[in-house]
Undergrad: 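Below is a structure I'd like to ask you about.
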Amino acid sequence: MYDTIGQLGLVFFGTVTASISHELKNRLAVIKEHAGLLNDFMVMAAQGRQLDIDRIQKLADALSKQVELSDAIIKNMNRFAHSTDEIKREIDIGEVIQLVVALSKRSAEMHRVRLKISDSIHCHTVTTIPFLLMNLLWTCIDVLVNTADGDGTIEFAVQKVPEERFLILMAMDWPAPQVHTAVITEMIRVLAEAIGARVFIKQEEMVLAVDLPPAQANPHASDSL
């Protein structure tokens, strides 16, 4: 169905942008509701009624929280948009995982799946195409959460293996016999090949692994792509 990297990228960018806008709309709806309550308090004050300071403080705290959440969403959106600034560059694997998890959280929660990140993701760098790596990880998450039947968790870890390679591991806590056939889709194959990576399943461990190549072994991650 998706026969080019460009098509995959457009679908990815559009879906993530739609999800971000939906989250922002939810935050704005809550802020509007709190603003309405604040207006009610102003009317009460104008009528000479005594105001509940504790309620006003809770309202102020709630508004600050919504602004904080909105700011985090916008920062993620900004980081996502800037992932296209350069075709190929050195990236921190952990930072990419954290961003993709944040972008995938809403969709995963709709399937009652929690995305968890282990401490092992930090301080590992590779040279790759950031946008395509994010697209690949996001697609893998989407495939996995659709195999969950009820509440579940996907935990992310990074493992260094010989030849200066890194594995991004996604460990599921539910039996998913259909994963072996479902996950190696054409979309994942195309994205993985584009950055010289390999995606495979450790079926007995219920782990999906993305094998990232060292920079010198990545034939497709070039500025000419």
Undergrad: How long is the straight-line distance from OG1 of Thr17 back to NE2 of His22, given to the nearest 0.5 Å?
TA: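 Reported value, rounded in 0.5 Å steps: 14.5 Å.
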Undergrad: Distance-only, no hydrogens or angles: does the Ser118 side chain make a donor-acceptor pair with backbone N or O of Phe156 under 3.5 Å?
TA: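 Pair found, side chain donor or acceptor close to backbone of Phe156.
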Undergrad: Yes or no on side chain to side chain contact (heavy atoms under 4.5 Å, CB included) for Ile93 and Ile121, after CA distance, side-chain angles and deciding distance?
TA: CA-CA 7 Å; Ile93 300 174; Ile121 69 166; over 6 Å; no
Undergrad: Nearest 0.5 Å, what's the CD1-CG distance between Ile5 and Leu10?
TA: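 Reported value, rounded in 0.5 Å steps: 11.5 Å.
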Undergrad: With heavy-atom distances below 4.5 Å as the criterion, would you say the side chains of Lys88 and Thr128 are in contact?
TA: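 The answer is no, as the side chains (C-beta and beyond) never meet within the 4.5 Å cut-off.
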Undergrad: Which residue pairs pass the salt bridge (Lys or Arg N to Asp or Glu O under 4.0 Å) test with at least one member in residues 70-80, sequence neighbours excluded?
TA: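 Found Asp71-Lys75.
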Undergrad: To check you understand the geometry: which heavy-atom pair defines the closest contact between Trp138 and Ser104, and what is its length?
TA: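 Looks like CD1-OG, 3.3 Å.
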Undergrad: Find the distance between CE (Met77) and OG (Ser70) and round it off to the nearest 0.5 Å.
TA: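 Met77 CE to Ser70 OG: 10.5 Å, rounded to 0.5 Å.
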Undergrad: Drop me the distance from Leu63's CG to Gln66's CD, to the nearest 0.5 angstrom.
TA: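 Going from the CG atom of Leu63 to the CD atom of Gln66 covers 8.0 Å.
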Undergrad: Run the numbers on Asn135 and Thr139 for side chain to side chain contact (heavy atoms under 4.5 Å, CB included), then give the verdict.
TA: CA-CA 6 Å; Asn135 196 347; Thr139 304; 3.4 Å; yes
Undergrad: Please find the pair of heavy atoms, one from Cys123 and one from Asp92, that lie closest to each other, and give the distance.
TA: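 In terms of heavy atoms, the two residues are closest at N-OD2, 3.9 Å.
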Undergrad: So, His111 and Asn146: side-chain donor and acceptor under 3.5 Å apart, yes or no?
TA: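 Yes - a donor-acceptor pair under 3.5 Å links their side chains.
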Undergrad: Check whether Val210 and Met206 end up in the same hydrophobic cluster, where Ile, Leu, Val, Met, Phe, Trp and Tyr are linked by side-chain heavy atoms less than 4.5 Å apart.
TA: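 Hydrophobic grouping puts Val210 with Met206.
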Undergrad: Apply side chain to side chain contact (heavy atoms under 4.5 Å, CB included) to residues Val158 and Leu169 and explain how you reach the verdict.
TA: CA-CA 6 Å; Val158 177; Leu169 305 174; over 6 Å; no
Undergrad: Do Gln159 and Val161 touch side chain to side chain, with heavy atoms closer than 4.5 Å?
TA: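 They are in contact (side-chain heavy atoms under 4.5 Å apart), so the answer is yes.
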Undergrad: Does Asp149, at its CG atom, have more than 12 non-hydrogen atoms belonging to other residues, nucleotides or ligands within less than 6.0 Å?
TA: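 Counting neighbours around CG of Asp149, 12 or fewer heavy atoms of other residues, nucleotides or ligands fall under 6.0 Å, so no.
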Undergrad: What I'd like to find out is whether the side chain of Ile188 reaches to under 4.5 Å of the side chain of Cys140, using heavy atoms alone.
TA: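 A side-chain contact under 4.5 Å exists here.
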Undergrad: Looking at Arg55, I'd like to know if its CZ atom is crowded, meaning that more than 12 non-hydrogen atoms belonging to other residues, nucleotides or ligands lie closer than 6.0 Å.
TA: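 No, CZ of Arg55 has 12 or fewer neighbouring heavy atoms, counting only those of other groups under 6.0 Å.
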Undergrad: Is there a path of hydrophobic side-chain contacts, each under 4.5 Å between heavy atoms, that joins Val16 and Phe13?
TA: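 Yes, Val16 connects to Phe13 through the hydrophobic network.
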Undergrad: Show the nearest heavy-atom pair for residues Ser19 and Leu103, with the distance to one decimal.
TA: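 That closest heavy-atom pairing would be OG-O, 4.4 Å.
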Undergrad: Specify the closest pair of heavy atoms between Phe166 and Val126, including all atoms of both residues, with the distance to one decimal.
TA: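 Looks like CD1-CG1, 3.6 Å.
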Undergrad: Within a strict 4.5 Å, meaning less than it, do heavy atoms of the Met187 and Leu136 side chains meet?
TA: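 No, side chains not in contact.
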Undergrad: Spell out, yes or no, whether Ile74 and Ile20 are grouped together once hydrophobic residues are joined by side-chain heavy atoms under 4.5 Å, including indirect joins.
TA: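 Yes; Ile20 is reachable from Ile74 via cluster members.
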Undergrad: Taking only residues two or more places apart in sequence or in another chain, which ones pass salt bridge (charged side-chain N to carboxylate O under 4.0 Å, His left out) with Arg198?
TA: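 With sequence neighbours excluded, Arg198 shows a salt bridge (charged side-chain N to carboxylate O under 4.0 Å, His left out) to Asp211, given in chain and number order.
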Undergrad: Got Phe41 and Asp52 here, is their nearest side-chain heavy-atom distance under 4.5 Å?
TA: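 With C-beta onward as the side chain, the pair stays apart.
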Undergrad: Would you find more than 12 non-hydrogen atoms of other residues, nucleotides or ligands less than 6.0 Å from Asn78 atom CG?
TA: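 Yes - once you tally the heavy atoms of other residues, nucleotides and ligands closer than 6.0 Å, there are more than 12.
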Undergrad: Does the pair Val113 and Thr153 meet the rule for a side chain to side chain contact (heavy atoms under 4.5 Å, CB included), with working shown?
TA: CA-CA 5 Å; Val113 173; Thr153 299; 6.0 Å; no
Undergrad: Which value, rounded to the nearest 0.5 Å, describes the distance between Glu155 atom CD and Arg114 atom CZ?
TA: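 CZ of Arg114 is found 8.5 Å from CD of Glu155.
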Undergrad: How close do Ala194 and Ile129 get, counting heavy atoms only, and between which atoms?
TA: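 Looking at all heavy atoms of both residues, the closest pair is O-CD1, 4.2 Å.
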Undergrad: Does the side chain of Val101 reach to within under 4.5 Å of the side chain of Lys116, using non-hydrogen atoms?
TA: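 No, too far: nothing below the 4.5 Å cut-off.
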Undergrad: How would you list, by chain and number, every residue that makes a salt bridge (charged side-chain N to carboxylate O under 4.0 Å, His left out) with Asp151, sequence neighbours excluded?
TA: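 Asp151 satisfies salt bridge (charged side-chain N to carboxylate O under 4.0 Å, His left out) with Arg112 only.
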Undergrad: Report, as yes or no, whether the 6.0 Å neighbourhood of atom CD on Gln47 holds more than 12 heavy atoms from other residues, nucleotides or ligands.
TA: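 Enclosed: over 12 neighbouring heavy atoms sit under 6.0 Å from CD of Gln47.
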Undergrad: Could you grab the distance from atom CG of Leu208 to atom CD1 of Ile141, nearest 0.5 Å is fine?
TA: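 It is 10.0 Å, given to the nearest 0.5 Å.
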Undergrad: So, does Thr15 use its side chain to make a donor-acceptor pair with the main chain of Phe12 at under 3.5 Å?
TA: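 Here the side-chain-to-backbone pair does not exist.
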Undergrad: Going by heavy atoms in the side chains, are Val96 and Met134 under 4.5 Å from each other?
TA: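 In contact.
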Undergrad: Whether the side chain of Ser83 engages the backbone of Phe80 through a donor-acceptor N/O pair (distance < 3.5 Å, no angle test) should be reported.
TA: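 Here the side-chain-to-backbone pair exists.
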Undergrad: May I ask whether Leu212 and Ile117 are part of the same hydrophobic cluster, defined by side-chain heavy atoms of I, L, V, M, F, W, Y residues being less than 4.5 angstrom apart, directly or through others?
TA: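 Result: yes, single cluster for both.
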Undergrad: Main chain of Ala18, side chain of Ser21: is a donor-acceptor contact present, judged purely on distance under 3.5 Å?
TA: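 Side chain of Ser21 to backbone of Ala18, a donor-acceptor pair under 3.5 Å: yes, one is there.
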Undergrad: Can Arg106 and Glu109 be counted as an ion pair, charged N to O under 4.0 angstrom?
TA: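 So Arg106 does not pair with Glu109 through a salt bridge.
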Undergrad: So, applying side-chain contact (heavy atoms from CB on, under 4.5 Å) with Leu191, which one of Leu133, Leu8, Val199 is it?
TA: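 The single option meeting the side-chain contact (heavy atoms from CB on, under 4.5 Å) with Leu191 is Leu8.
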Undergrad: Could you tell me whether a side-chain N or O of Thr84 sits under 3.5 Å from a main-chain N or O of Ala81, the two making a donor and an acceptor?
TA: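 A pair under 3.5 Å: yes.
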Undergrad: Is it true that Arg27 and Glu23 make a salt bridge, defined as a side-chain N closer than 4.0 Å to a carboxylate O?
TA: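 Glu23 and Arg27: not salt-bridged.
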Undergrad: Honestly curious: do Leu38 and Met44 fall in one hydrophobic cluster under the side-chain, below-4.5 Å linking rule?
TA: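 In one cluster: yes.
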